[in-house]
Protein chains: 2
Amino acid sequence: MATGRTHRPATRSRGIPEATVARLPLYLRALTALSERSVPTVSSEELAAAAGVNSAKLRKDFSYLGSYGTRGVGYDVEYLVYQISRELGLTQDWPVAIVGIGNLGAALANYGGFASRGFRVAALIDADPAMAGTPVAGIAVQHTDDLDRIISDNGVSIGVITTPPGAAQQVCDRLVAAGVTSILNFAPTVLSVPDGVDVRKVDLSIELQILAFHEQRKAGEEAAADGRAVVDTDDEEEAPPMRATPAGRKGPDGDMPAVMPA
Amino acid sequence: MATGRTHRPATRSRGIPEATVARLPLYLRALTALSERSVPTVSSEELAAAAGVNSAKLRKDFSYLGSYGTRGVGYDVEYLVYQISRELGLTQDWPVAIVGIGNLGAALANYGGFASRGFRVAALIDADPAMAGTPVAGIAVQHTDDLDRIISDNGVSIGVITTPPGAAQQVCDRLVAAGVTSILNFAPTVLSVPDGVDVRKVDLSIELQILAFHEQRKAGEEAAADGRAVVDTDDEEEAPPMRATPAGRKGPDGDMPAVMPA
DNA sequence: ATGTCTTTGTGAACGCGTGCACAAAGATAG
DNA sequence: CTATCTTTGTGCACGCGTTCACAAAGACAT
């Protein structure tokens, strides 16, 4: 999916490969579903199918955590849920602060999945003075001026940025200065952070563009198979190097609705 | 990235590696910004810095597209914007349908970045009859019953799923049946689709869990450096394989607010 | 206790992605 | 026209991630 990455390239944290870490939440979700159905054990084959991965990969992933399975039987669901939760650090409480309470920020604040697994929305922060005090998802929005204090007081180490792109880097800097060491960035901007700070980005626009690429390719192949039955016949280069952007549509990246263009 | 992946594993589409395709939107964004500032040319070093990648990687990426640079000078910004746009299929219009108009769906509908680059919100679809006709972001919400017709009439090939997880697979099946071949899934579920359909997923919960993992690791290392100055001293396994989930909190995955738990 | 059967855990091979380092190419100055 | 300087394009090597295939391990029946 949908997530680009912006973090340590090849640092195998405590022996667990990054690719494996990224799949653990997937396994955990599938296991939780099984747990709720009171299924006692599950084989690598079944669990892999539920998580949408290869069974060999799943077994190798689990092998990095230790030998938690029983040969001839499979894995104990409850035990595995606990082990993965512990490995991911979900047995403790993670206060999260969301900065930028626009459409997206508000949607995330209402996100039920936050509380469900160790994450707790500890604070909502916005730069608009008019928003201060307004309750969103039952929590009063606070002003950016108090950002440092809010982060410190609540012991927030994970920040979520849902501001317009023009404000993202500044907000990021302030979060980091206040002690945040993990950032989930929804703004379409490349954030630069000091070493030791993790940044992950969620970028709707990029995901759509990747889909468009494959969609176009599919259309092209189809056309080739149909013997050129579709609209435009350009395949290889031919078009003029025309200007793609209006150039100067507005000033520098200022503020706009919270969910922003690319 | 928030972006997990669920698509062809190693099918190099028309020679362009998947990893490169995923970075093209990043380059395009940086180039567009340069274009708006009327910068005529840019070196691989500068552009790489703006996009947050290695310059050698950028040059290799561009080499898959062809030789669009000039040695000793760099790349022509306008020309490159056009070439990448064309490669990504952004020179044409992509009507997109959003299914599941809750908090998140509405936020996406208001997303300015949709229209900005080839994507157009063609339809909003929701299962709640009470929502039908309600305008969201200037577009009237339509009922799920008409899904097939809506997709066909608008020529939608890209669908965005922002429904509760319990409804996601069913919605997905209907979208595919109606002709959609690319899906962006925000519901925390593994979607199964026939060959030829691309699925990308955006999963907030997974991203947060990955951050929590690294955060925990950082805290652990810090503790080790401080000579065990922090709270709980458990590092290696010791805890009881206790039950992690209440088990049976509610029925099967029904419906809940549009942005949902994991 | 022994044998059979199932499923895990992993050694090994392979392929993709990344980054280095440099030769080729062109611009620019004299 | 020649020399120099900049920057691209890429051959090559390395490392991570994936997958195969199988031996080891345990459950279970007899």
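Proteins come first, then strands; the chains are lettered A, B, ... in the order of their sequence lines, and each starts at number 1. All heavy atoms count here, side chains included; hydrogens, waters and symmetry mates do not.
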**Request:** For the side chain of A/N54, starting at C-beta, report the closest nucleotide among C/dG17, D/dT19, D/dG11.
**Result:** D/dT19
**Request:** Could I get the full list of side chain to side chain contact (heavy atoms under 4.5 Å, CB included) partners for A/S182, not counting sequence neighbours?
**Result:** A/I158, A/D198, B/L211, B/E215, B/K218
**Out of D/dT10, D/dA21, D/dG17, whichever nucleotide has its closest atom nearest the side chain of A/A19** = D/dG17
**Fill in**
Quick note, A/S63 side chain, CB onward, closest among C/dG9, D/dT8, C/dG17 is C/dG9
**Asked** Are OP1 or OP2 of D/dT10 and a side-chain N or O of B/K60 less than 4.0 angstrom apart?
**Response** no
**Item:** Length of the line joining B/E46:CD and D/dT6:C1', which is rounded to integer Å
**Value:** 12 Å
**Prompt:** In whole angstroms, how far is the P atom of C/dT8 from the CG atom of A/D61?
**Reply:** 14 Å
**Complete:** Separation of D/dA21 atom C1' from A/E45 atom CD, nearest Å, is 14 Å
**Prompt:** Which whole-number value in Å describes the distance from A/K57 NZ to C/dA12 P?
**Reply:** 22 Å
**Message:** How bent is the helix from C/dA1-D/dT30 to C/dG30-D/dC1, measuring the angle between the end axes built from five pairs each, rounded to 10°?
**Reply:** 10°
**Whole angstrom value for the distance that separates P of C/dA27 from CG of B/D76** = 13 Å
**Contacts of B/Q170 that satisfy side chain to side chain contact (heavy atoms under 4.5 Å, CB included) - sequence neighbours left out** = none
**Request:** Scan residues 183-203 of chain B for pairs that pass ring pair (Phe, Tyr, Trp, His ring centres under 6.0 Å), counting only residues two or more places apart or in two chains.
**Result:** none
**Complete:** Residues at least two apart in sequence or cross-chain that pass side chain to side chain contact (heavy atoms under 4.5 Å, CB included) with B/R37, listed by chain then number, are B/L34, B/V39
**Message:** Once ring pair (Phe, Tyr, Trp, His ring centres under 6.0 Å) is applied, what residue pairs with a partner in residues 24-43 of chain A remain, sequence neighbours excluded?
**Reply:** A/Y27-A/F62
**B/D93: salt bridge (Lys or Arg N to Asp or Glu O under 4.0 Å) partners, not counting sequence neighbours** = B/R120
**Request:** Give the rounded distance in Å between these two atoms: CZ of A/F62 and P of D/dG17.
**Result:** 17 Å
**Request:** Check whether any side-chain N or O of A/T20 sits under 3.5 Å from a backbone N or O of A/I16 as a donor-acceptor pair, and report yes or no.
**Result:** no
**Item:** Donor-acceptor contact present, side-chain B/Q169 to main-chain B/S192, <3.5 Å
**Value:** yes
**Asked** Under 4.0 Å: is that the gap between some side-chain N or O of B/R23 and OP1 or OP2 of C/dT18?
**Response** yes
**A/L47 CG - C/dT8 C1' separation (whole Å)** = 13 Å
**Complete:** Quick note, salt bridge (charged side-chain N to carboxylate O under 4.0 Å, His left out) partners involving residues 46-67 of chain A, not counting sequence neighbours, are A/R23-A/D61
**Complete:** Whole-Å distance, B/L58 CG to C/dC20 P, equals 14 Å
**Fill in**
Between B/S67 and A/A56, whichever has its closest DNA chain D nucleotide further toward 5' is B/S67
Taking N or O atoms only and anything under 3.5 Å, show me the protein contacts with nucleotides 4-7 of chain C, one pair per line.
unit_1, atom_1, unit_2, atom_2, d
C/dT7, O4', A/G72, N, 3.0

